[in-house]
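Data block below; observations after.
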Amino acid sequence: MPMTSEMRRGVEQIRDYLYGGGYPDPVSNAEQLSFLFFFYLIEGIDRDNALRAHATKREFRSIFAGEWRLKNPLNAPTEGVKAIPGDRLRWSQWANAMSGENLVRFVRDEVFAFYEEVARKSAVNFMDGSRLGIDDPTVLTQVVTLIDGLRLEQADSDSKGDLFEHVLKQIKQAGELGQFRTPRHVIRAIVEMLDPKIGETIYDPAAGTAGFLVAAYNHIRLANSSPHGIEEVEADGKVITRGHGDRLSAAQFETLANGTFYGNDVDPKMVHLATMNLFLRGLANVRIRKRNALTTALDRQQKGDLGLPLDGFDVILANPPFSGKLDKDRIVDDVKVGTTTATELLFLKYMMENLRPGGRCGVIVPEGVLFGSTGAHKELRRQLIENHSVEAVLSLPGGVFQPYSGVKTSVLLFRKGGATERVMFLHADNDGYKLDANHDTPIEADDLPGLVAAYGSQEDRWEYWTDRDETAEWTEKWWFAEAGQLRADDFNLSAGRYRPMSQTQVDHQNPMELLDELKAIETEIKEELDALTDCLREVRA
């Protein structure tokens, strides 16, 4: 069942109320809503678990069983009482029974503390360090009332997930480390190209709000759905196809829930949001950990203790932070490339190292990674081309990441091991949305579906490419380059570098593309100047 217009209006009302009540930060608001959604929904989940245990004659203990020792004496029902029944922590017990200062104090001191203890016993304590941020009595009272009116317990997991995605869509600012929300239609295209399957391990080392993991989950379910288990739903003004996975066995659903998806993020707010995004979709045990993969290494023993695959992942999907910098003394040896401290290069190296043999990766990179002339840029591309099979580079339209960033980006798709023989280049001029400052108005022009199809039939396209008349006009938005060409050109992987030229293209080259290239070069020059400055400081020290 898709998200209803009533649910969407309800979330908009909550958002507007928070903003008008003095809470303008969309990231913090999304995090706070994720906590409140969890408090609301966990009561129904606990009840369902009790019924399931009763039906299967298994022992069950409710999370609300026993007593809760009060953290603040002012929350005692009568003076001198130091503990209350755990049942009093159910949403249904306090949400409608309290308001104003009493509500703020009880939620701040008791509810958050109680659920932090609950979360501590799960696969990942996604509430670690959490606290109530909506501390205005009137605002909190109204927000709790509005959430109660959403009747989330009546919605299926897809509807609840869509609702939360609608909340996340309001985050229209880049993080301090360069992270920002990846457009969901771009994520779906990348996931479709990599085609993750049931039984494979899927990892995002910079998970953000878990958009890639959710898309991979939806992709697997769609691939394992009968015609009766498939529906069309609206998402961001476009119709998409979604499957319920009705052909998956109970054991396969268990695998999806407990042994498929993994992720990290350095930002605790992102960990909270990612975990809730997955929780609402029935993936309560997915391990999203607060961790900087570039500054902390895990040996086999630690991986085993954490329940991580010991020999790498089958599929890595990521949009790691762009333009971030790390203290070079904190970077672990496994991801070092020369002396670079640029996160986009370090993350790419990390993903190369953490794929299992034969594993495949789809990663969004700023354009400068593909043609940068620093030693680190060239060496990383050399390792990528000579020690891996680079299958494709998808050039995304400039402005696809608005309103967060105007940086020009591409998608690298490669497999672990072997050596690159040829690379398929794919160029998207349009992605189905108007390329303006907001990038949220649907349009008909959309190159992504055709390019995804082209990638899926590479052998046929290669044959067509090799049989072409090289003197004729090339009008396709895909082409190839062989490994010899790449080596002769400092392993340059920029799509435009190898595009068959024509008089039309020379006369009408898109000025926006030229500006995007100049921006990427400017970024590279700045990185080189920063590196030179660091070297001079070391010499003078």
Side-chain angles (χ1 to χ4, degrees), residues 18 23-39 41-42 71 107-109 111-135 140 143 164-165 167-182 203-214 261-281 283-298 302 306-308 318-327 330-332 343 346-347 350 404:
L18 283 169
Y23 298 91
D25 179 14
V27 178
S28 296
N29 290 347
E31 182 193 37
Q32 290 294 302
L33 287 179
S34 74
F35 294 140
L36 294 173
F37 285 169
F38 176 67
F39 302 158
L41 291 166
I42 194 65
K71 303 298 182 183
V107 173
R108 181 192 62 210
D109 299 335
V111 175
F112 268 78
F114 173 80
Y115 286 107
E116 198 278 333
E117 284 196 10
V118 171
R120 196 183 304 154
K121 298 172 185 175
S122 63
V124 178
N125 181 5
F126 70 93
M127 290 196 65
D128 184 32
S130 63
R131 63 180 184 84
L132 177 66
I134 307 171
D135 52 5
L140 181 62
V143 168
F164 196 60
E165 278 292 335
V167 173
L168 297 177
K169 192 179 176 182
Q170 311 310 318
I171 302 175
K172 293 189 176 182
Q173 60 185 45
E176 291 181 1
L177 299 177
Q179 74 271 27
F180 39 78
R181 185 177 184 270
T182 312
Y203 175 49
D204 185 343
T209 60
F212 272 109
L213 300 182
V214 167
F261 303 105
Y262 304 84
N264 312 317
D265 203 278
V266 68
D267 187 340
K269 287 184 179 179
M270 292 298 114
V271 174
H272 296 158
L273 295 174
T275 303
M276 177 54 61
N277 200 8
L278 295 163
F279 171 84
L280 290 174
R281 298 169 194 277
L283 299 173
N285 295 326
V286 173
R287 300 166 177 85
I288 303 294
R289 290 189 163 82
K290 181 183 178 301
R291 174 182 171 232
N292 188 334
L294 305 180
T295 60
T296 56
L298 300 175
Q302 290 170 313
L306 294 172
L308 299 172
N319 176 20
F322 302 162
S323 71
K325 296 290 182 182
L326 288 176
D327 183 334
R330 297 179 60 218
I331 301 171
V332 297
T343 55
L346 299 173
F347 263 111
Y350 173 82
Y404 311 96

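Being a predicted model, the structure only gives us computed values, none of them experimental.
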Shortest non-hydrogen contact between [X] and [Y], atoms and distance:
| X | Y | answer |
| --- | --- | --- |
| Ala30 | Phe164 | O-CE1, 4.2 Å |
| Ala207 | Gly263 | CB-CA, 4.4 Å |
| Pro320 | Ala206 | CA-CB, 4.0 Å |
| Phe212 | Ala318 | CE1-C, 3.6 Å |
| Ala297 | Arg291 | CA-NH2, 4.2 Å |

Gap separating the [atom1] atom of [X] from the [atom2] atom of [Y], nearest 0.5 angstrom:
| X | Y | atom1 | atom2 | value |
| --- | --- | --- | --- | --- |
| Lys290 | Met270 | NZ | CE | 13.0 Å |
| Tyr350 | Ile331 | OH | CD1 | 14.5 Å |
| Leu346 | Leu294 | CG | CG | 5.5 Å |
| Ser28 | His272 | OG | NE2 | 11.5 Å |
| Asp109 | Lys71 | CG | NZ | 10.5 Å |
| Asp25 | Gln32 | CG | CD | 10.0 Å |

Can you confirm whether [X] sits close enough to [Y] that some side-chain heavy atom of one is under 4.5 Å from a side-chain heavy atom of the other?
| X | Y | result |
| --- | --- | --- |
| Leu213 | Ile288 | yes |
| Thr275 | Val271 | yes |
| Thr296 | Gln302 | no |
| Ile42 | Tyr115 | yes |
| Leu273 | Asp265 | no |
| Thr182 | Thr209 | no |
| Arg287 | Asn264 | no |

Checklist entry - With Phe112, which residues qualify under ring-ring contact (aromatic ring centres under 6.0 Å, His included), at least two apart? => result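 Testing Phe112 for ring-ring contact (aromatic ring centres under 6.0 Å, His included), a comparison that skips the adjacent residues, returns Phe35, Phe39.
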
The ring-ring contact (aromatic ring centres under 6.0 Å, His included) partners of Phe114 (sequence neighbours excluded) come to Phe64, Trp68

Once side-chain contact (heavy atoms from CB on, under 4.5 Å) is applied, do any residues pair with [X], and if so which ones, sequence neighbours excluded?
| X | value |
| --- | --- |
| Thr295 | Asn292, Leu326, Arg330 |
| Arg131 | none |
| Leu306 | Arg289, Leu298, Leu308 |

* Residues which pass salt bridge (Lys or Arg N to Asp or Glu O under 4.0 Å) with Arg108, listed by chain and number, not counting sequence neighbours ->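 Result, salt bridge (Lys or Arg N to Asp or Glu O under 4.0 Å) vs Arg108: none returned.
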
* Asked: Thr343 side chain to Pro321 main-chain N or O, any donor-acceptor pair under 3.5 Å?
  -> yes

Applying side-chain contact (heavy atoms from CB on, under 4.5 Å) to Val214 and Leu278, what does each step give before you reach the verdict? CA-CA 7 Å; Val214 167; Leu278 295 163; 3.9 Å; yes

_Applying side-chain contact (heavy atoms from CB on, under 4.5 Å) to Val143 and Leu33, what does each step give before you reach the verdict?_
CA-CA 9 Å; Val143 168; Leu33 287 179; 4.2 Å; yes

